[in-house]
> 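After the structure tokens below, expect a handful of questions from me.
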There are 2 protein chains.
Amino acid sequence: MRPTLQTVADAVGVSRSTVSNAYSRPDQLSADLRDRILTAAAGLGYAGPDPTARSLRRRRAGAIGVLFTAKLSYAFTDPYAVQFLRGLASSAEQGRTGLLLLPLSMDDEEAAVAPVNDAVVDGFCVYCLPDWHPALAALEARGLPVVAGQKRPGSQASFVGIDEAAATRAAGEHLVALGHRRLAVVGEYFTVAQSTGPVTIKSPGDVAYYTDRERLRGYQEALAEGGVPWSSVATVNVARNGRAEGAAAAAYLLDRAPRPTAIAALSDILALGVLDAVRARGLRPGHDVSVVGFDDIPDATTEGLTTVHQPAAERGRRSGLLLLDPPTDPADRSVVLPTTLVVRATSGPAPS
Amino acid sequence: MRPTLQTVADAVGVSRSTVSNAYSRPDQLSADLRDRILTAAAGLGYAGPDPTARSLRRRRAGAIGVLFTAKLSYAFTDPYAVQFLRGLASSAEQGRTGLLLLPLSMDDEEAAVAPVNDAVVDGFCVYCLPDWHPALAALEARGLPVVAGQKRPGSQASFVGIDEAAATRAAGEHLVALGHRRLAVVGEYFTVAQSTGPVTIKSPGDVAYYTDRERLRGYQEALAEGGVPWSSVATVNVARNGRAEGAAAAAYLLDRAPRPTAIAALSDILALGVLDAVRARGLRPGHDVSVVGFDDIPDATTEGLTTVHQPAAERGRRSGLLLLDPPTDPADRSVVLPTTLVVRATSGPAPS
DNA sequence: CAGTGCCTCTGGATCGATACAGTACGCCGT
DNA sequence: ACGGCGTACTGTATCGATCCAGAGGCACTG
């Protein structure tokens, strides 16, 4: 049998508590006795207090759960997500806490909430979930601190994010000011079905994902102000947030008449794919077709993409801080970080 | 106070065990009573058995720890690591298990082992650690299943990996067969100091990292067989596994006389950087200078890089399987996956 | 009607630690 | 000699569940 505190205590001839103190509160016993205990423990092959038992008693798990939809692979592939995780990891590390990655099923009702109920963690970070996902209710029930990048009516969760709608409103105003009137939007989560192709979105409010809904709303507002009705805006859904998917989506838009003069993608990855498709047709980005992204990932700079910059790593870092010790005042539990429109080479005056 | 099993039991008028069974073993009680219990629990705001307490009793944490050196950011930036994690995540998911990412300090003795001792996990996956790292001893002491991609004398750990030396031996033989005699090797972990620049490696055996040591050994053997003494091989250490670093390392090699006719990088990322440097000098890869990588990441195909292919995702997947239920027979606890030399455009006959 | 077996539910022991009140003891001042 | 005080250590209660031997009820059998 593996040794426990008691095993060591018996071997040294002291009480269990004293052995515990030898590990957790060295100031509570003499240095001499502590040495004797640690030596005996090493001899017995005792590696220190059992983390699970300690967690139970201390009521601290030493980990925060990060919720992902379905495949974790996505998280590692998306540059924005990577930046976010880096930020989260940095504050976790500082708080002597690990990151527990939890995949949530999107179909199986059971596998969709089980990770939330079973995870040994001190709090949860919601990366991005649709409004209807059952895990959101499970999170509330569990009663642990939660930080989300999305707002949800009635939720106790902290918020760390940006004003998504204001960000795309700025981008939309930029396009309108350049004279664009025929626009299209490409994004990932417009429909539940994961397929690439044109979709009809009667109103941005219908979209189940917070970020996409808000970003669409921003574009809608900016365009409406510029006299462009939402019904004239083409919307294309993609199956996955990938460069090839962005190109495929753009193909739908570029090969039909009348061609849009500007395409707004809801992520940079997609926007880069759109650029590929534009160039593949011999069109010049920023002249024949303007392209705008979102996130400002490193490749956006390289490729001169006009996009909305958001502080990805900072979002992660602040999320971690809020989880590690949640402020009692609800007012302090909402952090809205600034975004900026970065105009580069892929946006220009609408062609006449 | 948060409700416990007992709270619910009292409310319904049954025993604690019965409430426990309602959640964990539904077949042990009547459907009717189970409904009443779950209803009462919902009414009390009881979200189900406490994961920590459950873990203690069941002796299962529902997570496996993944050990990283220092910054987690690295893990998310390296394409090979991402593939590996994807594989690991896929089998973890299947086994209803999460991934706990644990950063290990490389300097602070305390922070180097604490995560190993404190993590609530069922096993550990060692991604890549130097032989001297204190966490390795802590892992043995903890007595949990461990899977590593590196072999360590006297370790109980399972092994999932490749024959690193055989892989680079094949690459070395390829270069020798093409007539190369002046060679150089670029890698990340030759020295403890994290800086980019030439280093002297008297013997590959001196290198503290398993993979690099073995890969160097493979090159050494192939070259020795081809009559190229190790002492004539230039070695350059880089501070980080990045493309820019690869280019910087190549700069040292390309700007001195006599220029090596072939440069072997111990990762594709570095090799791509080397290619950048080669091209920046107006030299043609595969003609003036041959370049070989390792890993076969997606970009290697795109850029026509000659490299060693290794099944990254499969390594992760098999590691996960071995951790989830470790075979009793030690013979089954070692998996060596195949590698292949993929010859593309960046290697060619040595210039005369 | 006793005997057998199944189904449902109970209660105490247990997992491995930490918290905290309490005890033992040495040392000081008067 | 004795009260007061600080240090070093002990012992019991507790964290919140699961395990398991066994009790009670009920139907079925001979």
> Find the distance A:Leu5:CG to C:dC15:P and express it as a whole number of Å.
13 Å

> Return the polar atom pairs (N/O with N/O) between nucleotides 21-25 of chain D and the protein under 3.5 Å, or none.
none

> Among all residues two or more places apart in sequence or in another chain, which pass the salt bridge (Lys or Arg N to Asp or Glu O under 4.0 Å) test with A:Arg315?
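Testing A:Arg315 for salt bridge (Lys or Arg N to Asp or Glu O under 4.0 Å), a comparison that skips the adjacent residues, returns A:Glu164.
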
> Rounded to whole angstrom units, what separation is found between the CG atom of A:Asp50 and the P atom of C:dT14?
18 Å

> Would you mind listing every ring-ring contact (aromatic ring centres under 6.0 Å, His included) that reaches into residues 22-48 of chain B, with sequence neighbours excluded?
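As it turns out, the ring-ring contact (aromatic ring centres under 6.0 Å, His included) pairs with a partner in residues 22-48 of chain B, which skip direct neighbours, are B:Tyr23-B:Tyr46.
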
> Hey, does the side chain of B:Thr39 reach the backbone of B:Asp35 with a donor-acceptor pair shorter than 3.5 angstrom?
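The answer is yes, because a donor-acceptor pair under 3.5 Å joins these two groups.
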
> I want to check something: taking the side chain as every heavy atom from C-beta on, are B:Leu139 and B:Leu67 in contact at a cut-off of under 4.5 Å?
yes

> Rounding to an integer number of Å, can you tell me how far A:Gln6 CD sits from D:dG11 P?
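Roughly 10 Å, once rounded to whole Å.
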
> Is the shortest distance from a Lys or Arg side-chain nitrogen in A:Arg213 or A:Asp131 to a carboxylate oxygen in the other one below 4.0 Å?
yes

> Would one find a side-chain N or O of A:Arg59 under 4.0 angstrom from OP1 or OP2 of D:dC15?
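So the side-chain polar atoms of A:Arg59 never come under 4.0 Å of the phosphate oxygens OP1 or OP2 of D:dC15.
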
> Examine the side chains of B:Glu140 and B:Ser155 and answer whether a donor and an acceptor come within less than 3.5 Å of each other.
yes

> With each end axis built from five pairs of C1' atoms, what bend angle do you get for the helix from C:dC1-D:dG30 to C:dT30-D:dA1? Round to 10°.
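What I find for the helix from C:dC1-D:dG30 to C:dT30-D:dA1 is an axis angle of 50°.
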
> Please state how far atom CG in B:Asp118 lies from atom C1' in C:dG16, giving the value in whole angstrom units.
15 Å

> So, is B:Tyr46 near the phosphate of D:dG16, with a side-chain N or O under 4.0 Å from OP1 or OP2?
no

> Calculate the interatomic distance between A:Arg58 atom CZ and C:dC20 atom C1'; express it in whole Å.
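In whole Å, C:dC20 C1' lies 15 Å from A:Arg58 CZ.
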
> Under the criterion side chain to side chain contact (heavy atoms under 4.5 Å, CB included), I'd like the reasoning laid out for B:Arg318 against B:Leu322: C-alpha separation, chi angles, the key distance, then a yes or no.
CA-CA 6 Å; B:Arg318 296 292 288 271; B:Leu322 242 53; 5.8 Å; no

> Taking CG from B:Asp10 and C1' from D:dA17, how many angstroms apart are they, rounded to a whole number?
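My rounded result for the distance is 15 Å.
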
> For DNA chain C, determine which residues of residues 14-32 of chain A have any heavy atom closer than 4.0 angstrom to one of its atoms, and list them numerically.
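Contacts with DNA chain C under 4.0 Å: A:Arg16, A:Ser17, A:Ser20, A:Ser24, A:Arg25.
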
> Counting heavy atoms from C-beta on, name the nucleotide in C:dG16, C:dA17, D:dT18 closest to the side chain of A:Leu56.
C:dG16

> Filter on ring-ring contact (aromatic ring centres under 6.0 Å, His included), then keep only pairs touching residues 139-158 of chain A, sequence neighbours left out; what's left?
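Non-adjacent pairs meeting ring-ring contact (aromatic ring centres under 6.0 Å, His included): zero.
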
> Of all heavy-atom pairs between B:Thr97 and B:Ala63, which one has the smallest distance, and what is that distance?
CG2-CA, 3.5 Å

> Determine whether A:Cys125 and A:Phe84 make a side-chain contact, defined as any pair of heavy atoms from C-beta on separated by less than 4.5 Å.
yes

> What is the ring orientation for B:Tyr189 with B:Tyr209, classed by angle as parallel under 30°, tilted 30 to 60°, or perpendicular over 60°?
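Answer is parallel, since the angle falls under 30°.
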
